[in-house]
Amino acid sequence: MPDATQTDTDDPAEPTGDDAEPTAPQPTLEGEYDPREAEQRWQEYWLEAGVYSYDDEIENPDTAYSIDTPPPTVSGSLHMGHLYGSTLQDFAARFHRMSREDTFFPFGYDDNGIASERLTERELDIRHQDYSRREFQEKCREVCQEYEAEFTEKMQGLGMSIDWDRTYKTIEPRVQRISQLSFLDLYEQGREYRKKAPAIWCPDCETAISQVEMEDADRDSAFNDVAFELVEAGSEPDAEAVASATEERPYAPPTEPGDDLVISTTRPELLPACVAMFVHPDDDANAHLVGGTAKVPLFDHEVPIYEDDRVDLDTGTGLVMCCTFGDQTDIEWYQAHDLDLRVAIDASGTMTDIAGEYEGQSTEAAREQIIEALDDAGILLDHDPITHAVQVHERCEVPVEYRVSKQWYVEILDRKEEYLAAGREMDWYPEKMFTRYEHWIEGLEWDWLISRQRDSGIPFPVWYCADCDEPIVADREDLPVEPIEDEPPVDACPACGHEDFEAEEDVFDTWATSSLTPLINAGWDWDAAADPETGIGPATLDQGAFTLDNPELYPFDVRPQGHDIISFWLFHTVVKCYEHTGEVPFESVLINGHVLDENREKMSKSKGNVVTPEEVMDEFPVDAARFWAAGTAVGDDFPFKEGDLEAGERLLRKLWNASKLVDQLAPIDSAPPGSDGTDSGSAAEQPDLEPIDEWLLARQDAVLESVTEKFADHEYAKARTELRTFFWETFCDDYLEIAKQRLDDVERGALSDGTANPAASSAAYALRTAHRNFCLLFAPILPHVTEEIWQASYGQTTATDSLHTTDWPSPTGQTADLDAGETALSVISALRGYKTDSGLPLNADLSAATIYGDVAGFEGAIGDVMHVGSVTSKDGEAPTTTEIVGVNLDYATLGPEFGEQIGEFDAAIDAGEYEETDDGLAIAGETLDPDHYELVREQTYDGEGELLEADGATVIVEA
RNA sequence: GGGUUCGUGGUCUAGUUGGUUAUGACGCGGCCCUUACAAGGCCGAAAUCGGUGGUUCAAAUCCGCCCGAACCCA
């Protein structure tokens, strides 16, 4: 932990008394902004004051904004992905907390499952096999608790507006109950079944796992060409095909009994498990083998030879052995051809008695010995080392096996269309991510395997009849149950009357619980006394119903998720919640990309390019990191760039300094009523505004509207840029520079004694209104610095205890001539350019400027800011000599009308062959309507002063 | 191997009913201590929009192919 996060002893955030309500610290705008001190002070205050606690009493779903945060696995420390993902969620949370009645922003820890078991084993250097389930679970909780506490502290240090009273752990009893209720409900609905079938198996963790828990890993291996012995062929060989294959292939096709039948395998230890051979239907040279048999070397059992188009003709020898089980194709063949089971590898990856003398060996050891034995016997015809991708368990990186075992499944393949439709009902940010979900569902081939042979996890609430294997499920009232310790709810088997039972020892897949977070967050439960008609979801029993403690939360407004895991996590959640409630659990999905290093490469320990949140927080304010996080389109991966954080830091400083200036120019106790935030601008108290002030507020209205829209659409990068540009360039560089001149010392004095002139009152009002709105608009992205400024400026005069529970601003409704304002700014810009070009300082006095153009009402402002003695504006053309030097065509309208003639126009313009007539532009035999072109003129001026051209105006300036 | 997304000044990025003059930031060069901020202000240089072929009067934008990257699924 960096000790710099410790506060000074005179920290104003310290609670003043035992039972006193926390009071907001009272910062001032003195000196420089110190983010390190201020950020921690506010984080502590926000927690103490309960600024983020969700108001339970809300009933209208439309006024509550609910976020279903996916609980992180607590198996490690916080990384940049957590920082980035949570910050995006926090933008949404803070924006909606201000613009709606309240926001529900919970937090969960996923401490249930293999990840936390492995963590515990690693941390305590123990093996789960050495403990009872209960003992081991205790140890898991102890270890996880430490990690959770650390995680919580770090999340709080990032200023997340999470309601920490709304947290859950996936292992806690309430969640266990929900998880078991979910199992029972799906079982009652006939959506779950238990079946003995091949399943993906991790021999290290000794459990079944699902497809999604596998990943590819490159491993060294070898192709071993092994000779089987042909016992008999199925039919007469095609002599011609055999002859040509003998030329082209490394091994001649076997034709007579006793001939070598050569296969190529990377897993010779599966020879004892071989149950069949396969030939491709198009393989004429081997077609005669089909229907025959072959003898497995070393183990000497005979296996049948079949044909199947799943044989890969491009690799190996064209002949394939099928074992129990080497890969998924073996399973398909086992099912399609009704093959035997020969189990040579047990649950722990050890060879069984079927492997004969290799019994008791590990698969790796058996492989080496078998290769040696084959070589000794002269039937290892080739050994070719390769590196290839094997499927490993993502948690332990051990290659998986396929084993037949009894497992529980959730049926999903029959409802793919419905789940697809459910996906379409949600708004996807960004939209393109829906395609990924769509393809994923379309490609599903297996039902969802939910049972795991592990210790830490939520048990299945099931017993089986010891005689007939009938499943007995627990009563809903009794949940959560632990079948190993608890008794089943019946005395005799309802199917056969037998009175002994066996407990189900398996636990749920982590995802079976992780996919229930919307129900956990909304307080889903079974109420035996409830009327089935009033419950949530399809009624499966005559009595009682499922209910929600906070029905206004469901469906949740948004589900955030990293793009790498949307497929299965999001999909499973949609499936389960949809089945339980009949509704899609989310209105929208917000998908974030990955944080890359500054060279756009994935951060990884092996590359040594990992940047940790701790390192970032050590060097930069939290608000600066948030500014960076707001910097790209949602869904895109983006690089970690220090430059962006430095830019964020500069923005904090600019906000602070600008606030200081606003405070000097329009001190809060002398500002006109209605502009201090207590009552934001009721018309009666608003002074008559000068054009420049109307213009600023009208511009801010437009920005407000646009930024609000962008926040609502999760377009944080655009909101950030638009706000920053308007604040920095328009407010600070332009408006504040003008206001400085208008509110000089004399006027400020007049403001405080109530004798201010209307222009000063107008400026002070606009300054305050705009400034207050900037605090609010920046609040979701920069919560700390805006709170500090807002409390320093308006904390005394408002009732709310935090900027973050203040209402989102609404437009002031000012109208102004925005075009004239733009023209005025471009005139100012031209005058700046003039000073720069003439080598004059920007505050050099100029005697006069004459503006030909519409800057109605802004002359004074221009004169003030550019220090021009006299500014006058005139209608009409400037007294210049103009020369036509070219033509700008409006291609958008000319194109459709004239088509390829446009080329002729362009050529004529280049050659100077055109003429303006009363009817329009005569060119290339046509006369163009004045709407379709604009003449480019060059002005020259030989009078007093110098000519400047600005957008929409011409200026004559005199030094 | 299949799919999805993407490629714009040195770096990051805006930019689709196609409209000729491509946005901004960081960085870079020059000037300015103007009484909030020099960690600031002003001015400027810098991209033939991955390559190529096509559609079109007109392409960063639409289509084909190629190159490169990331992710998802086999």
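Both backbone and side-chain heavy atoms feed into the values below; hydrogens, waters and symmetry mates do not.
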Would you please indicate yes or no on a ring centroid separation below 6.0 angstrom for Phe727(A) and Phe778(A)? yes
Taking the six-membered ring where the residue is Trp, are the ring centres of Tyr437(A) and Trp428(A) under 6.0 Å apart? yes
Quickly work out the [X] [atom1] to [N] [atom2] distance and round it to whole Å.
| X | N | atom1 | atom2 | value |
| --- | --- | --- | --- | --- |
| Tyr834(A) | rC32(B) | OH | P | 17 Å |
| Glu32(A) | rA36(B) | CD | P | 15 Å |
| Gln664(A) | rC37(B) | CD | C1' | 11 Å |
| Asp663(A) | rC37(B) | CG | P | 14 Å |
| Glu646(A) | rC12(B) | CD | C1' | 14 Å |
| Leu651(A) | rG40(B) | CG | P | 11 Å |
| Asp644(A) | rU11(B) | CG | P | 16 Å |
| Asp890(A) | rU21(B) | CG | P | 14 Å |

Check the surroundings of atom CD in Glu438(A): do more than 12 heavy atoms from other residues, nucleotides or ligands lie under 6.0 Å from it? yes
Think [X] has a side-chain N or O under 4.0 angstrom from the OP1 or OP2 of [N]?
| X | N | result |
| --- | --- | --- |
| Lys641(A) | rU13(B) | no |
| Thr725(A) | rU23(B) | no |
| Trp728(A) | rA25(B) | no |

Please measure how far the [atom1] atom in [N] lies from the corresponding atom in [M], and state the result in whole Å.
| N | M | atom1 | result |
| --- | --- | --- | --- |
| rA45(B) | rG27(B) | C1' | 13 Å |
| rG53(B) | rC67(B) | C1' | 15 Å |
| rG64(B) | rU17(B) | C1' | 23 Å |
| rG54(B) | rA59(B) | P | 12 Å |
| rC43(B) | rG51(B) | P | 32 Å |
| rG24(B) | rG19(B) | C1' | 23 Å |
| rG50(B) | rA22(B) | P | 16 Å |
| rC49(B) | rU11(B) | P | 15 Å |

Which one, [options], comes nearest to the side chain of [X]?
| X | options | result |
| --- | --- | --- |
| Lys718(A) | rG15(B), rC57(B), rC42(B) | rG15(B) |
| Pro639(A) | rC37(B), rA25(B), rC12(B) | rC12(B) |
| Glu729(A) | rG24(B), rC57(B), rC42(B) | rG24(B) |
| Asn657(A) | rC42(B), rC26(B), rC37(B) | rC37(B) |

Between Leu889(A) and Gly631(A), the residue closer to the 5' end of RNA chain B by nearest nucleotide is Gly631(A)
Closest nucleotide of RNA chain B for Thr893(A) versus for Arg653(A): which of these residues is on the 5' side? Thr893(A)
Check: rA39(B) base within 3.5 Å donor-acceptor of Arg650(A) side chain: no
Establish whether the base of rC37(B) is bridged to the side chain of Lys654(A) by a donor-acceptor pair shorter than 3.5 Å. yes
Looking across every strand, which nucleic acid part, if any, lies under 4.0 Å from [X] by heavy atom: base, sugar-phosphate, or nothing?
| X | result |
| --- | --- |
| Ala658(A) | base |
| Glu737(A) | base |
| Ser659(A) | nothing |
| Asn888(A) | base |
| Gly903(A) | nothing |

Could you walk me through whether Leu736(A) and Leu665(A) pass the side-chain contact (heavy atoms from CB on, under 4.5 Å) check? CA-CA 10 Å; Leu736(A) 270 180; Leu665(A) 296 178; 4.2 Å; yes
Taking a pair as Watson-Crick or G-U wobble with both distances under 3.5 Å, which nucleotide is matched to [N]?
| N | result |
| --- | --- |
| rU17(B) | none |
| rU4(B) | rA70(B) |
| rG64(B) | rU52(B) |
| rA25(B) | rU11(B) |

So does Asp308(A) pair up with Arg310(A), basic N to acidic O under 4.0 Å? yes
Is any NZ, NE, NH1 or NH2 atom of the basic residue among Glu709(A) and Lys718(A) found under 4.0 Å from an Asp or Glu carboxylate oxygen of the other? no
What class does the angle between the rings of Phe905(A) and Phe898(A) fall in, given that below 30° is parallel, 30 to 60° is tilted and above 60° is perpendicular? perpendicular
For Trp628(A) and Phe640(A), take the angle between the two ring planes, folded into 0 to 90°, and tell me which bin it lands in: parallel under 30, tilted 30 to 60, perpendicular over 60. perpendicular
